[in-house]
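Presented below is the structure to which this report refers.
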Amino acid sequence: MRIFFVFLLLMTVSFASAAAEPAAGSQMGDCLLPKPRVTFNLPPLLVYESDNPVTGKQDHLRILGPLFESYRKADGSSMKAFRPVWSMESKADGRFASDIVWPLSIYRKTRSGSYFWLLPYFGSAGKNDSYERYLFPFWFLERHRNGEYSWFFFPFYGDMHNFFSYQRIQFILFPLYKYGEKNHVAGNGFLWPLFNMEHGPGMKGFRIFPFYAKRTVDGMRENVSWLWPLLNTAQSLKDPEDFAFLSIPLGGYESWNGITNLTVLPPLFSYKTFQDRQMALSVLWPLFKYGKDLDDGGGSCLYFWPFWGKAVSDHAYYSFFFWPMGLNLKSETASRRTLWRAFLPLYLNRSVYDMKKGKEVSAYTHLWPFVSRRTEGRNSRIHGLDFIPVKQLGFAERNYAAFWRFFEVNRNENGMAFEILWGLSKGYRTVDGGGFSVGPFYSQDRPHAGKSEYDILSGLVNIRNQAGITRFRLFYCLDFSL
């Protein structure tokens with residue numbers, strides 16, 4: 001044990017002296033050579049890299065493998081994490097994220113505002129001094145951009161504006177009384193949803209649930225329900241020939257705007273026709289479905305669920321086998337084509353093509369749980385293991401993914417960089433040079449022309465070549481040059 005601590009002390013002193021030692025080029029003028037790279041490899045205890053020319057990470061520090069990590073970039077972005085307890089990440093555009101034992105507590109700053117939660121308390125802040133506060137599910141307070149306030153103390157009283165789909169909603173001793181405004185229609189409910197009355201421009205409705213309900217839209221339609229859902233009818237006030245009725249579980253019939261639909265013991269049988277000879281047939285939905293001429297492009301579908309099925313239209317294609325495992329999806333616009341292929345959960349691929357450029361602009365491939373690859377233009381990233389079956393999620397990357405991420409490879413216009421087991425082995429390659437290391441045992445670094453360094457056991461043997469001068473260091477302390 002004593003030998004180990006002496007060895008650790010010698011390597012630390014060697015690292016500190018190497019970091020403090022001025023480069024030969026800096027003695028002749030700072031403009032002659034780039035700032036020297038500083039590295040220290042003692043995985044899994046401590047791994048440090050002052051600059052990586054490929055990933056752009058500066059002052060990249062790892063302590064105890066994946067437990068602690070921090071780095072920054074020249075664009076102002078940075079990340080720090082003490083996993084899985086705490087993490088923070090800032091982006092160059094001002095966005096910010098922080099987590100404490102995710103999902104217990106989070107804070108996010110976005111382009112439009114910010115939000116946070118400390119479960120079960122939630123809050124957000126937006127533009128013009130607007131904000132929201134929740135103590136789910138009992139208390140809520142919101143200040144809108146126009147200065148109005150919404151609040152409730154459930155179930156005693158509440159008065160909210162623009163709450164979900166309502167322009168305004170109020171309640172007293174919910175469900176004793178509820179008032180709501182939606183799409184210019186006002187409704188009063190007592191012992192909601194048992195009793196309700198609503199009225200609006202050209203519209204009125206009444207409900208005693210589930211015995212009787214009626215809703216009339218002047219000049220449009222009239223809906224009536226008896227013993228819902230046993231009998232439901234609709235009659236057009238615009239065209240007397242248009243009507244519909246539905247009885248669950250028996251079935252129903254609809255004839256409306258040239259569309260007819262017959263349903264028997266849903267989901268046992270359904271047959272639907274359209275004015276322009278379009279039709280759709282469903283038997284024991286979703287087990288069997290057939291349709292033809294479903295859109296202007298002659299779309300069709302045929303399903304034998306869950307074994308096999310496909311749906312085709314002018315700008316989209318969808319097929320499956322042994323749903324939901326095997327999936328194939330294509331969607332296309334004038335400028336972009338997107339392809340999805342999957343055999344879940346083992347394989348997932350997404351490719352995006354630029355129709356004008358005629359080439360692939362981004363792709364994502366995942367062989368779960370072993371490896372995933374993501375490309376955006378000339379940038380690509382390969383890593384594994386990867387247990388998250390979708391694209392990289394920010395909170396997962398910061399707080400948990402590092403525990404099972406055993407290797408990572410990055411490629412971009414600057415070159416290639418890789419890392420294995422949180423720095424046990426890592427390296428990079430650029431047009432000007434490259435570097436490689438295996439723990440504290442061996443490292444070599446040639447960041448640019450005219451400089452190179454080779455090291456064994458963090459300074460036991462160290463050779464530096466810079467500006468035509470070769471320097472040697474032996475046994476951590478003997479320095480001489482040739």
Flag the pair Pro120 / Leu135 as yes when at least one side-chain heavy-atom distance between them is below 4.5 Å, and no otherwise.
-> yes

Working to the nearest 0.5 Å, report the span between CG of Asp354 and OG of Ser362.
-> 10.0 Å

I would like to know whether Leu176 and Phe190 meet side-chain contact (heavy atoms from CB on, under 4.5 Å); could you show each step before the answer?
-> CA-CA 5 Å; Leu176 181 63; Phe190 302 89; over 6 Å; no

Mind jotting down which residue pairs meet the side-chain hydrogen bond (donor to acceptor under 3.5 Å, both in side chains) criterion with at least one end in residues 335-348? Sequence neighbours excluded, please.
-> Glu332-Arg337

For Ser270 and Thr263, which heavy atoms make the closest approach, and how far apart are they?
-> OG-OG1, 4.0 Å

Side chains of Asp445 and Tyr428, donor plus acceptor under 3.5 Å | yes

Heavy-atom nearest pair, Ala311 first then Tyr303, reads CB-OH, 3.7 Å

Quick one: are Tyr364 and Asn349 in side-chain contact, heavy atoms under 4.5 Å?
-> no

Using the ring of each side chain (for Trp, its six-membered ring), is Tyr212 parallel, tilted or perpendicular to Phe206, with breaks at 30° and 60°?
-> tilted

Note: Thr260 and Ser255 closest approach over all heavy atoms is CG2-OG, 4.2 Å

What distance separates Asn232 CG from Asn223 CG, expressed to the nearest 0.5 Å?
-> 9.0 Å

Quick one: are Lys214 and Lys204 in side-chain contact, heavy atoms under 4.5 Å?
-> no

Can any side-chain N or O of Ser313 pair as donor or acceptor with the backbone N or O of Ser300 at less than 3.5 Å?
-> no

Do Asp75 and Lys91 meet the salt-bridge criterion of a basic N to acidic O distance under 4.0 Å?
-> no

Can you tell me how far CD1 of Ile106 sits from CG of Asn399, rounded to the nearest 0.5 angstrom?
-> 10.5 Å

Distance-only, no hydrogens or angles: does the Gln235 side chain make a donor-acceptor pair with backbone N or O of Asp242 under 3.5 Å?
-> yes

Closest contact, heavy atoms only, Lys272 versus Asn261 = CB-OD1, 3.9 Å

Between Trp422 and Ala402, which heavy-atom pair has the shortest distance, and what is it?
-> NE1-O, 2.7 Å

Is there a side-chain contact (heavy atoms from CB on, under 4.5 Å) between Phe96 and Tyr107 once you walk through the steps?
-> CA-CA 8 Å; Phe96 179 82; Tyr107 173 79; 3.7 Å; yes

Are Ile382 and Val371 close enough that some pair of their side-chain heavy atoms sits under 4.5 Å apart?
-> yes

Report yes if some heavy atom in the side chain of Phe418 is under 4.5 Å from a heavy atom in the side chain of Phe436; otherwise report no.
-> yes

Is the backbone of Phe243 close enough, under 3.5 Å, to the side chain of Trp256 for a donor and an acceptor to pair up by distance?
-> no

Among pairs that include at least one residue of residues 401-419, which meet side-chain hydrogen bond (donor to acceptor under 3.5 Å, both in side chains), considering only residues two or more places apart or in two chains?
-> Arg62-Glu419, Arg381-Glu408, His383-Arg405, Glu397-Arg405, Glu408-Asn410

Note, Thr333 side chain near His315 side chain (heavy atom, < 4.5 Å) = no

Do any N or O atoms from the side chain of Ser319 and from the backbone of Gly309 form a donor-acceptor pair under 3.5 angstrom?
-> no

Is the backbone N or O of Pro103 less than 3.5 Å from a side-chain atom of Trp117, with the two atoms forming a donor-acceptor pair by type?
-> yes

How long is the gap from CE on Met160 to CD on Gln170, to the nearest 0.5 Å?
-> 8.5 Å

Steps toward side-chain contact (heavy atoms from CB on, under 4.5 Å) verdict (Tyr353, Val361) = CA-CA 6 Å; Tyr353 294 85; Val361 293; over 6 Å; no

Could you tell me which residues satisfy side chain to side chain contact (heavy atoms under 4.5 Å, CB included) with Ser78, sequence neighbours excluded, listed by chain and number?
-> Arg72, Ser90

How long is the span from the OH atom in Tyr48 to the OG atom in Ser50, to the nearest 0.5 Å?
-> 5.0 Å

Which heavy-atom pair separates Lys426 from Glu49 by the least distance, and what is that distance?
-> NZ-CB, 3.8 Å

Would you say the side-chain atoms of Trp102 pair up with the backbone N or O of Tyr400, donor to acceptor, closer than 3.5 Å?
-> no

Determine yes or no for a side-chain-to-main-chain donor-acceptor pair under 3.5 angstrom, with Ser98 supplying the side chain and Ser87 the backbone.
-> yes

Flag the pair Asp99 and Arg108 as a salt bridge only when some basic side-chain nitrogen lies within less than 4.0 angstrom of an acidic carboxylate oxygen.
-> yes

For Arg207, what residues pass the side chain to side chain contact (heavy atoms under 4.5 Å, CB included) criterion, not counting sequence neighbours?
-> Trp192, Pro193, Asn196, Phe209, Ala213

Supply the atom-to-atom distance Asn328 CG to Phe321 CZ, rounded to the nearest 0.5 angstrom.
-> 8.5 Å

What residue among His161, Glu142, His144 forms side-chain hydrogen bond (donor to acceptor under 3.5 Å, both in side chains) with Ser150?
-> His144

Run the salt bridge (charged side-chain N to carboxylate O under 4.0 Å, His left out) check on Glu198 and Arg215 step by step: do they pass?
-> CA-CA 9 Å; Glu198 55 185 7; Arg215 192 180 195 193; 3.1 Å; yes

How are the rings of Phe171 and Phe152 set to each other: parallel, tilted or perpendicular (split at 30° and 60°)?
-> tilted

Take Leu329 and Phe320, measure what side-chain contact (heavy atoms from CB on, under 4.5 Å) needs, and give me the verdict at the end.
-> CA-CA 9 Å; Leu329 174 64; Phe320 67 85; over 6 Å; no

Are Trp228 and Ile248 close enough that some pair of their side-chain heavy atoms sits under 4.5 Å apart?
-> no

Taking side chain to side chain contact (heavy atoms under 4.5 Å, CB included) as the test, write out the residues that go with Tyr134, two or more places apart.
-> Phe122, Glu132, Phe140

Residues which pass side chain to side chain contact (heavy atoms under 4.5 Å, CB included) with Trp151, listed by chain and number, not counting sequence neighbours = Leu141, Phe153, Tyr157

How about Met220: does its CE atom have over 12 heavy atoms from other parts shown lying under 6.0 Å from it?
-> no

Measure the shortest side-chain to side-chain distance between Trp308 and Lys310 over non-hydrogen atoms and say whether it is less than 4.5 angstrom.
-> yes

